[in-house]
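The chains referred to below are lettered A, B, ... by the order of the sequence lines, with proteins before strands, and numbering in each begins at 1. Quick caveat, the model's predicted, so the values are computed rather than measured.
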Amino acid sequence: MYDAEAAEFFGRELTAWYRRGNRDLPWRRSKNPYYIWVSEIMLQQTRVDTVIPYFNRFIERFPTVSDLAEAPEEDVLKLWEGLGYYSRARNLQAAARDVAEKYGGTIPADKEAVSGMKGVGPYTSGAILSIAFNIPEPAVDGNVMRVLSRYFCLEEDIAKPAARVAIEGLARKLIPPGAAGDFNQALMELGALVCTPRSPHCLPCPVMEHCEARLTGRQDELPIKTKAKKPKPQHRLAVLIEDEQGRVLARQRPEQGLLARLWELPHIEAPYEAWASDEEAPNWLATTLGLEGMNVRLAGHLGDAEHVFSHLHWFVRIWGADRVSFDPAIRDDMGAAAGGLFGAEAVREAASAYEGREQERDGKAALAAPLSAANELPADYRWVDREEFARLAWPNLFRKIVGEHFDRS
DNA sequence: CATGCGTGGTC
DNA sequence: TGACCAAGCAT
């Protein structure tokens with residue numbers, strides 16, 4: 001597999017190929033470590049064409065590490081809206097605050113320091129060190145694993161973490177002296193434009209003459225990669241309710257987990273049978289929200305939406321409501337439970353506190369609490385008008401649903 | 001090591 | 001048209 005002559009040829013020819021011509025990308029116009037860093041975070045699991053406009057807006061709004069460090073979190077999330085993997089944005093800002101504090105806003109040309117930044121793993125660390133500072137560190141992403149699997153006919157399953165570690169060792173040996181940045185980018189450029197996942201373009205490839213896969217006709221069989229699992233179906237019932245001023249009731253998601261800190265319509269998971277039945281759905285929805293202290297009067301099925309995440313497939317049915325109130329006792333329980341608890345755990349905690357008191361009080365009295373729009377809202381809930389809707393960060397699913405609602409009204 | 005974590009493009 | 005894919009990281 002590994003051949004010293006083929007390895008030397010690879011580094012030399014690939015770097016030369018890259019230097020002869022490469023894509024003009026916004027983050028390639030300087031070696032500003034901050035630009036390289038931001039671009040590499042955005043490029044994690046995300047296509048170049050998607051990232052370009054996000055990168056330009058982000059740098060315009062936050063030109064330096066300090067600007068990012070000092071910004072309100074909601075501004076950062078708004079600029080990240082639609083890009084996905086939102087913890088990247090929050091980690092990026094947390095790291096910017098660290099860099100501002102510890103290093104005066106300058107990213108150090110130091111492996112330990114860069115590797116220690118939030119959201120920076122082995123790939124991104126190598127990318128920043130090599131591209132911004134030309135430090136000879138490998139930067140092994142999916143492109144690099146694919147290219148090297150083919151060039152050296154590696155048969156390791158690149159879906160497994162161990163494969164990345166092994167290929168990193170190989171990639172480190174391939175870096176031509178003094179050319180780490182260009183070589184690492186050349187590898188990724190080749191993977192993106194020539195040595196593509198399906199039907200690689202071998203004829204124009206600058207290193208085809210020593211490519212082991214090409215020489216043995218196996219370029220279409222490599223790399224070996226086990227298939228990902230299908231997203232798990234989940235049925236959800238959401239509530240769309242507006243107040244007298246046409247504002248929509250929204251809530252902010254918790255700090256951790258899926259779509260952390262983004263805004264959404266109140267919604268809950270339901271078994272398919274309840275979800276699908278126009279008789280059962282309102283009961284399920286009202287009861288479940290009631291356990292969270294939100295009492296609603298449902299008024300009809302408004303429409304459906306579907307959204308696929310990496311690991312979940314949401315089927316969302318939107319129900320209109322005309323009355324809403326919040327149970328103050330529950331709200332207080334939520335606040336108490338939130339001391340040290342988050343998300344679903346806090347809800348369970350509040351729900352059990354609620355159930356305990358419900359028994360003391362005889363049954364379902366609390367669920368039949370008076371409906372009124374004049375109640376105080378829990379901390380994470382808000383009535384949102386058109387302007388605030390535009391200012392807050394929403395996952396695509398709810399941005400579409402609420403956006404279409406405002407377009408109609 | 002496996003799983004959770006978004007979205008849009010492509011065939 | 002559903003499955004696969006894209007410059008991964010945290011836990």
Side-chain angles (χ1 to χ4, degrees), chain A residues 22-23 25-28 35-55 77 80-92 94-95 114-128 130-131 138-147 157-165 167-168 171 181 184-193 195-200 223 225-234 253-262 264 306-314 343-344 393-400:
Chain A
N22 55 64
R23 288 174 292 178
L25 304 173
W27 48 88
R28 284 185 178 165
Y35 294 179
I36 307 295
W37 173 31
V38 171
S39 72
E40 289 300 341
I41 299 296
M42 288 188 168
L43 286 162
Q44 290 169 3
Q45 298 296 97
T46 311
R47 294 183 138 76
V48 165
D49 289 345
T50 304
V51 166
I52 290 172
Y54 282 90
F55 175 84
L77 281 177
W80 211 271
E81 184 186 54
L83 199 54
Y85 289 133
Y86 298 96
S87 68
R88 291 184 294 174
R90 291 157 45 76
N91 285 336
L92 180 62
V114 170
S115 305
M117 288 158 57
K118 288 194 179 66
V120 173
Y123 162 74
T124 307
S125 168
I128 294 170
S130 63
I131 298 171
V140 175
D141 68 345
N143 284 313
V144 176
M145 289 197 284
R146 181 175 62 255
V147 169
D157 180 355
I158 65 166
K160 297 195 178 305
R164 202 215 77 239
V165 175
I167 292 175
E168 233 168 37
N184 283 345
Q185 292 188 85
L187 258 173
M188 294 188 277
E189 192 91 343
L190 188 78
L193 302 179
C195 197
T196 48
R198 284 175 290 201
S199 60
K225 186 179 186 183
T226 54
K227 285 190 264 189
K229 282 194 303 190
K230 269 183 70 170
K232 187 174 129 193
Q234 239 181 36
R253 295 179 62 87
E255 294 229 19
Q256 307 275 334
L258 183 68
L259 304 171
R261 302 303 283 165
L262 270 63
E264 65 180 10
E306 203 177 320
H307 193 76
V308 182
F309 301 92
S310 306
H311 57 305
L312 294 174
H313 190 153
W314 275 6
W394 305 74
N396 266 5
L397 169 70
F398 289 106
R399 192 174 51 73
K400 283 179 189 157

Within the distance-only criterion (no hydrogens, no angle test), does the side chain of [X] pair as donor or acceptor with the backbone N or O of [Y] below 3.5 angstrom?
| X | Y | result |
| --- | --- | --- |
| A/E189 | A/R23 | yes |
| A/R88 | A/G119 | no |
| A/T46 | A/Q44 | yes |
| A/E81 | A/W394 | yes |
| A/R164 | A/V140 | no |
| A/S125 | A/P122 | no |

May I have the distance from [X] (atom [atom1]) to [N] (atom [atom2]), rounded to whole angstrom?
| X | N | atom1 | atom2 | answer |
| --- | --- | --- | --- | --- |
| A/R253 | B/dG6 | CZ | P | 9 Å |
| A/E40 | C/dG8 | CD | C1' | 11 Å |
| A/I158 | B/dC1 | CD1 | C1' | 17 Å |
| A/K230 | B/dT3 | NZ | C1' | 19 Å |
| A/D157 | B/dA2 | CG | P | 9 Å |
| A/H313 | C/dG2 | NE2 | C1' | 11 Å |
| A/Q256 | C/dC9 | CD | C1' | 14 Å |
| A/F398 | B/dG6 | CZ | P | 13 Å |

**Message:** Can you check the distance between C/dC9 and B/dG8, where both ends of the measurement are the P atom (answer in whole Å)?
**Reply:**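 Each nucleotide's P atom is 22 Å from the other's.
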With a non-hydrogen cut-off below 4.0 angstrom, is [X] in contact with a base, only sugar-phosphate, or nothing?
| X | result |
| --- | --- |
| A/G191 | nothing |
| A/R261 | nothing |
| A/L92 | nothing |

**Asked** Given side chains that start at C-beta, do those of A/E264 and A/L259 come closer than 4.5 Å, heavy atoms only?
**Response**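 No, too far: nothing below the 4.5 Å cut-off.
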**Item:** Beyond-backbone contact of A/T124 with A/M117, side-chain heavy atoms, under 4.5 angstrom
**Value:**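 They are not in contact (no side-chain heavy atoms under 4.5 Å apart), so the answer is no.
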**Message:** OP1 or OP2 of B/dC1 versus the side-chain N and O atoms of A/K160: is any pair under 4.0 Å?
**Reply:**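 So the side chain of A/K160 is outside the cut-off, no N or O lying under 4.0 Å from OP1 or OP2 of B/dC1.
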**Asked** Looking only at side-chain N and O atoms, does A/H311 come under 4.0 Å of OP1 or OP2 in B/dC5?
**Response**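 For A/H311, the contact criterion (side-chain N or O under 4.0 Å from OP1 or OP2 of B/dC5) is met.
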**Asked** Would A/E40 and A/Y123 count as a side-chain hydrogen bond (donor to acceptor under 3.5 Å, both in side chains) if you check the C-alpha gap in whole Å, the side-chain angles of each, and the deciding distance to 0.1 Å?
**Response** CA-CA 9 Å; A/E40 289 300 341; A/Y123 162 74; 2.7 Å; yes
Using the 3.5 Å cut-off, write out each protein N or O paired with an N or O of nucleotides 7-11 of chain B and the distance between them.
unit_1, atom_1, unit_2, atom_2, d
B/dT7, OP1, A/Y86, OH, 2.6
B/dT7, OP1, A/N396, N, 3.2
B/dT7, OP2, A/H307, NE2, 2.7
B/dT7, O3', A/N396, ND2, 2.9
B/dG8, OP1, A/N396, ND2, 2.5
B/dG8, OP2, A/N396, ND2, 2.7
B/dG8, N2, A/R47, NH1, 2.4

**5'-most by nearest nucleotide on DNA chain B - A/Q44 or A/A162** =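 It is A/A162, whose closest nucleotide lies nearer the 5' terminus.
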**Message:** Just to be sure I understand the geometry, which residues of residues 114-126 of chain A put a non-hydrogen atom under 4.0 Å away from DNA chain B?
**Reply:**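 DNA chain B contact set from residues 114-126 of chain A: none.
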**Request:** Go through B/dG6, C/dC4, B/dA2 for me and flag the one nearest to the A/P161 side chain.
**Result:**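 Looking only at side-chain atoms, A/P161 lies closest to B/dA2.
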**Item:** Contact nearer the 5' end of DNA chain C, comparing A/A228 with A/L43
**Value:**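 Whichever sits nearer the 5' end wins; that is A/A228.
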**Message:** Using the side-chain contact (heavy atoms from CB on, under 4.5 Å) definition, which of the options A/W80, A/Y85, A/F55 pairs with A/I41?
**Reply:**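 The single option meeting the side-chain contact (heavy atoms from CB on, under 4.5 Å) with A/I41 is A/W80.
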